[in-house]
**Student:** 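Before we start, here is the structure in question, set down as C-alpha cells.
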Protein chains: 2
Amino acid sequence: MTESPAPPKRKAVDEAVDRIRAGILGGEYRVGTDLPGERELSTTLGVSRLTLRAALSRLEAEGLVKPVHGSGTRVLDYREHGGVEMLGHMATLVQLGGEVPFALLADLLELRRVVAVEVMGIAAERITEAELDELARHLVYQASCTGDAQKYVAADIETARKLAQATHNQAILLLSNSIMRVLMQQRGMEFTFLIDIEKAISTYKKMLGLLRARDPLAARKATRTLLARLDRRLLERIAELVGVPPPKVDEGRARGAATTTTTTKATNGVKKGSDGEARS
Amino acid sequence: MTESPAPPKRKAVDEAVDRIRAGILGGEYRVGTDLPGERELSTTLGVSRLTLRAALSRLEAEGLVKPVHGSGTRVLDYREHGGVEMLGHMATLVQLGGEVPFALLADLLELRRVVAVEVMGIAAERITEAELDELARHLVYQASCTGDAQKYVAADIETARKLAQATHNQAILLLSNSIMRVLMQQRGMEFTFLIDIEKAISTYKKMLGLLRARDPLAARKATRTLLARLDRRLLERIAELVGVPPPKVDEGRARGAATTTTTTKATNGVKKGSDGEARS
DNA sequence: CGTCGCCAAGTGGTTTAGCCAGTAAGTGGT
DNA sequence: ACCACTTACTGGCTAAACCACTTGGCGACG
C-alpha cells in the first residue's frame with residue numbers, strides 16, 4: 001500500500017518511451033541498426049502507431065534515435081548524442097534490474113561536487129548582500145525541517161537552487177536544475193538527504209561563512225573537501241544499507257565505454273554490442 | 001547557394017515545438033497559465049491536432065509544460081524545470097531577434113570553462129597511458145585540419161570528447177555532450193573555433209603536458225587561466241565582428257531572474273511577466 | 001437555506017483508417 | 001554491364017471519432 005505513490009496511472013506514450021529507451025540502453029536495439037518499423041513496433045508495444053510516433057519524437061529529441069524518411073529509424077549512440085538527463089534513465093534501468101547503480105551514483109555525485117565547488121567559487125565573487133541574507137534565512141528554515149523528510153528535501157533543493165542563482169550565471173543555474181532532477185529521480189534518494197542531516201547543515205553553514213568572506217579560492221578548496229567527505233560517507237552508508245561491498249569506486253572504472261549501464265547478470269547489453277557496430 | 005544547408009525541409013512537429021517554445025520563452029504564454037486548448041492551438045499553428053500533441057509531448061519532456069488531463073496544459077517556469085539544453089533555445093531566440101546573445105554566450109563559456117577545468121583535474125588523475133597517446137595523436141591530426149573549417153570543428157569536438165572520456169566519469173561525459181550540443185547549435189559558432197586556432201592548439205598542447213605530469217592541482221590552475229584568456233579574447237573578437245560594445249560581461253548581470261532571454265526591443269516577455277504570476 | 005449529487009460541456013488521451021512523400025531494391029530495358 | 005523505371009517498403013501527416021477525466025453549474029434533497 002505504502003509503496004505505490006504514482007505507478008497506477010502512467011500515460012501510454014511515457015510507457016512506450018521508457019520501453020524503447022530501455023531497449024536501446026539495454027542493447028536490445030543495437031546502435032547503428034534500425035528500429036523495427038513503426039507499424040510493427042506499435043503492435044509489439046501494444047499502442048497505436050500515433051502514440052508510438054509521439055514516443056519516437058521524444059526519443060529523437062533526446063538524441064537516442066534518428067528517423068530517416070523513406071528508410072527507417074536509426075539507433076544512435078547515446079554516449080555520443082545523449083545529454084545529462086540520460087543519466088537518470090540509465091540509473092533507473094540498473095535499479096529496475098534489482099541493483100543499486102553504484103558506479104553511476106558515484107559519478108553523479110562527483111559531478112555534483114564539481115559543479116558545487118565552482119558554484120561556490122563564483123558565488124563568492126558575485127553574491128549580493130540581499131542574497132546572502134536570504135540564504136541565511138532559508139538555512140534556518142531548512143534546519144527546522146529535520147522532522148519532515150518531505151519538507152527537508154524540498155528545502156534542500158531550494159538551498160541548492162539559491163546557491164546556483166547566486167552565481168548570476170543562467171547556464172549554471174539550468175545545469176543545476178538538470179543535476180538535481182536526475183538525483184531526485186533516483187529511488188531512495190529521499191534518505192540520501194536524511195542520512196547526515198547534522199553534518200549537512202553544519203556544512204551548509206560553513207559554506208555560508210565562506211561566501212560571506214568573499215574568498216573564491218578558499219571557498220572552492222573548503223567546499224571540495226567538505227563535499228568529498230560528505231559524499232564518501234553517503235556512498236558507504238548506502239553500501240551498508242544494501243548490504244553490498246563496494247564503497248571503493250575509484251578502482252572499478254575500466255576503459256570508460258564498457259562501464260556503462262550494467263554490471264548486472266546477463267541480457268543487459270551495452271557492454272557487448274557497442275563500439276564494433278557503432279563505427280564500422 | 002552556400003548558405004542553405006538544411007533549412008528547406010523541417011518537420012512540422014519541430015516547427016510546432018519551436019513556435020510554442022518561443023511563445024513560452026518569449027512570454028506570450030505566461031508561466032502559471034494554461035496554453036490554449038489543443039484543438040484551438042493546432043489550428044492556430046496550422047498543424048493537425050496529432051502533430052501538435054507530439055510537439056506538446058516533447059515540450060513536456062523538456063519541462064516547459066505540464067498537461068493536466070481534464071483541465072488544460074499548464075505552462076511551467078523554465079528557470080525551475082528547464083535543463084541545460086534550454087540554453088540553446090534561449091540563445092537561438094535572441095539571435096532570431098537579430099541580436100547576439102552576449103550574456104548567454106558568456107555564461108555558457110564560463111560553464112564550459114568550469115567543466116573543462118575539472119575535467120582536466122580529474123583526467124590528470126585517471127587518464128590511462130593509452131588515452132594519453134591517443135590524445136596526442138589526435139591533436140596532431142587536429143592541427144593538420146586548420147585549412148578545412150568543417151573538419152577542424154569536428155576534430156575539436158572530438159578532442160573535447162576524448163578529454164571528457166579520460167575522466168572515466170559517465171556523468172561528466174554526458175554533460176560534456178550537452179554543453180557541446182548547445183554550443184554547436186549557435187550560429188556563427190563555426191568561426192568561434194576558427195578565431196584563434198594557433199592559440200587554441202598551443203593551449204591544447206600545454207594541457208596535454210599537464211595531463212602527462214599527472215598533477216591535478218597544476219592542471220586545474222593552468223587550465224583555468226588559459227581558458228579564461230581564450231574565452232575573453234573570443235568574446236572581444238565577436239564584439240568586434242558584430243560591431244557592438246559590451247565585452248564587459250561581469251558587470252551587466254543584474255539580480256538574475258530578469259536578465260533572461262531579452263535585452264531586445266519590446267514584446268519580448270520574460271522580463272515582465274515572471275515572478276508575480278508564477279508563485280501566487 | 002444550505003448542501004450534496006448528478007449531469008453536461010470542455011479538456012487532454014488514444015485509436016482507427018488512410019493518404020502523402022520519400023527511399024531502396026528489384027526488374028526490365030538498352 | 002549499365003541505366004531508368006517500377007514497386008514495395010519506410011516515415012510524415014491528417015481526418016474523424018471515441019474514451020477518460022475535470023470542472024462547474026443546476027437541481028433535488030435534507
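Not measured: the values here are computed from a predicted model. To find a chain, count down the sequence lines: A is the first, B the second, and so on, and within it residues start at 1.
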**Student:** Is the shortest distance from a Lys or Arg side-chain nitrogen in B:Arg74 or B:Glu60 to a carboxylate oxygen in the other one below 4.0 Å?
**Tutor:**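 Judged by the 4.0 Å cut-off on N to carboxylate O distance, B:Arg74 and B:Glu60 do not form a salt bridge.
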**Student:** Summarise how protein sits on nucleotides 8-15 of chain C as a single string, 5' to 3': B when a protein heavy atom is under 4.0 Å from the base, S for sugar-phosphate-only contact, - for no contact.
**Tutor:** --BBBBBB
**Student:** Partner lookup for C:dT30, please. Criteria are Watson-Crick or G-U wobble with both distances under 3.5 angstrom; report none if nothing qualifies.
**Tutor:**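 The answer is D:dA1, by the H-bond criterion.
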**Student:** In whole angstrom, what separates B:Leu45's CG from D:dT14's C1'?
**Tutor:** 15 Å
**Student:** Quick one: does A:Arg181's side chain have a donor or acceptor within less than 3.5 Å of a partner on B:His81's backbone?
**Tutor:**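 The answer is yes, because a donor-acceptor pair under 3.5 Å joins these two groups.
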**Student:** In terms of side-chain heavy atoms, does A:Asn177 have a donor or acceptor partner in B:Glu80 at a distance below 3.5 Å?
**Tutor:** no
**Student:** What distance separates A:Asp14 CG from A:Arg19 CZ, expressed to the nearest 0.5 Å?
**Tutor:**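 Output value for this atom pair is 13.5 Å.
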**Student:** Whole angstrom is fine here: how far is it from CD1 in A:Ile20 over to P in D:dG11?
**Tutor:** 11 Å
**Student:** Any Lys/Arg nitrogen of B:Arg53 or B:Glu38 sitting under 4.0 Å from an Asp/Glu carboxylate oxygen of the other?
**Tutor:**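 A salt bridge links B:Arg53 with B:Glu38.
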**Student:** Just the rounded figure in Å: distance from C1' of C:dA24 to CG of A:Asp34.
**Tutor:** 12 Å
**Student:** Any chance you could lay out the side-chain contact (heavy atoms from CB on, under 4.5 Å) test for B:Leu64 and B:Val75, step after step, and finish with the verdict?
**Tutor:** CA-CA 6 Å; B:Leu64 276 179; B:Val75 178; over 6 Å; no
